[in-house]
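Here the structure comes first, spelled out in structure tokens, and everything after it is commentary.
Numbering of ligands and ligand atoms starts at 1, following listing order.
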Amino acid sequence: MYKKVLLFFCYLIISTSVSAQIVGAGRAVDPYEYQVLKTQTFERAAVASAHALASEVGTAIMKQGGNAFDAAIATQLALAVVYPIAGNIGGGGFLLGCKADGELIGIDFRETAPAAASRDMYLDKEGKAQTDWSQNGHLAAGVPGTVAGLFATMPYAKLPFKSLIQPAIDLAEKGFLISANEAQSLNWTMGNFNKYSTRPSAFTSRKEWKAGDTLIQIELAQTLKRIRDKGERGFYAGKTAKLLVAEMKRRNGLISRKDLKAYRAKNRKPLEFTYRGHQIIGFPPPSSGGIILAQTLKMLEPYPLGQYGFQSPEAVQLIVEAERRAYADRATHLGDPDFWEVPQEQLLSDAYLKNRMADFEAGKASISKNIQAGEIRESDQTTHLSIVDAEGNMVAVTTTLNGAYGSKTVVGGAGFLLNNEMDDFSIKPGVANMYGAVGGEANAIAPNKRMLSSMCPALVLKEGKPFIVVGTPGGTTIPTSVLQAILNIIDFNMNPADAINSPKFHHQWLPDLVDIEKDFPQETRKKLEAMGYTFRLRDGIGRTEIIMIGADGKRLSAADKRGEDSVAGF
Ligand code: GLY
């Protein structure tokens with residue numbers, strides 16, 4: 001429903017009579033006077049994120065001498081305040097970085113299942129999967145990873161953590177002006193905030209929100225101050241942990257003090273491969289994003305997509321068939337690599353991928369029930385930020401609560417929303433999660449295991465030099481949106497704004513449908529229907545944030561047209 005609001009999105013931010021206040025980010029960010037900027041070329045540094053204030057905070061931090069990692073920390077924290085639908089400290093995500101000297105960094109701060117979680121915890125007495133339990137309220141929440149992820153990023157940052165978190169504290173404490181869409185989204189969720197939270201919160205402090213209201217989040221500001229003053233322990237121990245566990249106990253939640261104490265972000269070796277002479281860097285499991293991106297690009301590489309033409313029937317059919325095969329593999333082979341042996345090398349080998357496309361027939365739709373995972377011997381609410389700094393460091397972070405406002409449970413007294421990430425596990429083989437994805441043993445629930453993700457922060461190098469930083473929210477559509485952004489630039493020669501704003505399409509094996517946006521070309525649709533494809537119209541797919549570094553070194557930045565996403569830079 002939230003996505004419908006975006007159709008009525010108005011770029012005008014209405015000012016209130018409150019006098020302008022400056023948040024602690026180099027006197028550069030005014031929470032009462034800000035504008036959405038969709039695309040701009042910057043000389044030195046840029047941020048693209050889901051909210052203008054967050055992009056401005058990241059930029060201000062770089063102006064103060066911070067690098068892209070500093071900006072990523074500050075932007076994420078700002079999003080946790082100004083973009084509560086997906087920005088978070090109660091969720092998790094993945095950071096992918098490429099330092100100017102070429103060093104690659106992968107930080108996995110995905111949530112984990114609590115120690116008391118069990119394989120069949122979402123099955124009722126009859127063995128029926130109860131998706132309401134995995135999607136809403138206390139039982140849906142995994143152990144949050146975001147705060148550990150921020151601190152795992154600190155070794156690459158230059159400024160003290162205190163200066164990186166202060167803008168978020170100020171935004172929470174002094175408030176910021178909300179747009180018509182944000183007001184409507186909060187109003188639509190009001191019933192669920194009341195149903196799934198046990199205490200009043202900032203979101204329920206008004207009966208009805210309207211454009212121009214100021215959202216003040218005092219309890220969240222206090223939590224952020226504890227993190228500022230005590231570091232990671234300000235979240236995973238002490239008062240915040242006590243409040244979170246008390247919240248769990250008031251209903252049927254499982255997260256314990258021990259779970260919080262035990263949580264660790266992990267460094268993962270980024271996945272590297274080439275596509276038409278470019279070096280592509282993706283995130284490995286427990287996200288499926290990097291493997292799906294690599295498999296689809298490598299399956300497509302032998303074909304002259306550029307000659308076929310953008311969204312021509314030939315090009316779309318090929319892309320759909322590559323996606324079908326990659327998602328079939330996802331359902332069987334991918335899960336948390338600490339619990340499940342992911343056959344990564346085989347899944348990405350040239351021979352395997354060539355064989356995967358061997359039964360592709362131009363002009364004829366494959367059928368998903370005939371396509372199984374390859375034989376191996378042995379409310380879509382997430383958010384993404386892309387950053388490039390003046391030194392040429394690139395950072396892509398995708399982070400999530402899972403559904404819109406996660407579990408809709410606000411931790412009483414601590415002011416932050418908890419994720420509903422447990423639904424990303426396969427709660428029963430063959431039962432679709434909220435994104436229609438099915439899975440099996442590889443992604444079954446187990447204590448302390450990370451649930452499989454689709455998040456796909458991605459970096460591209462051209463001739464060894466930084467070229468593209470890209471990523472998006474969108475549940476299972478994430479890897480295919482990133483795929484299209486990359487293809488649109490490399491194969492179809494688009495500029496970054498066109499690459500992300502052009503109509504998107506998506507196929508994920510099951511259901512056996514091609515999802516399309518309403519501006520998808522009708523001629524192509526008709527021709528593919530004649531080949532046997534079935535289409536489904538969807539509201540906007542993904543909200544992609546991209547920065548491309550031109551041959552002249554300029555940062556061409558674009559924020560997706562589908563939301564209030566915004567770029568900033570200098
Ligand atoms: N919660 C969406 C994802 O991780 O794929």
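Interface of Arg110 with ligand 1, defined as ligand atoms under 4.0 Å from a residue heavy atom, comprises 4 (O). Near Asn402, meaning under 4.0 Å from one of its heavy atoms, ligand 1 places the atoms 1 (N), 2 (C). The ligand atoms of ligand 1 that sit less than 4.0 angstrom from a heavy atom of Met455 are 4 (O), 5 (O).
For Thr75 and Ser49, the side-chain atoms include no donor-acceptor pair closer than 3.5 Å. Donor-acceptor pairing under 3.5 Å is lacking for the side chains of Glu341 and His333. Counting only N and O atoms by type, the side chains of Tyr236 and Asp259 include no donor and acceptor under 3.5 Å apart.
Within the 4.0 Å heavy-atom criterion, neither part of Thr476 lies near ligand 1. The side chain of Glu421, and not its backbone, has at least one atom closer than 4.0 Å to an atom of ligand 1 (non-hydrogen atoms only; side chain from C-beta on).
When Asp338, Asp108, Asp336, Asp424 are each tested for a salt bridge (charged side-chain N to carboxylate O under 4.0 Å, His left out) with Arg450, only one passes: Asp108.
Annotation: Thr382 places no N or O atom under 3.5 Å from an N or O atom of ligand 1; distance criterion only.
In this structure, Asn192 has no side-chain hydrogen bond (donor to acceptor under 3.5 Å, both in side chains) partners at least two apart in sequence or on a different chain.
Annotation: atom 2 (C) of ligand 1 to nearest protein heavy atom, Asp424 OD2, 3.3 Å. In terms of protein heavy-atom proximity, atom 4 (O) of ligand 1 is nearest to Ser453 OG, 2.7 Å. Here the protein heavy atom with the shortest distance to atom 5 (O) of ligand 1 is Ser454 N, 2.7 Å.
Among pairs with a residue in residues 113-123, those fulfilling salt bridge (Lys or Arg N to Asp or Glu O under 4.0 Å) read Arg119-Glu441, at least two apart in sequence or across chains.
By the 4.5 Å heavy-atom criterion applied to side chains, Ser453 and Phe94 are counted as neighbours.
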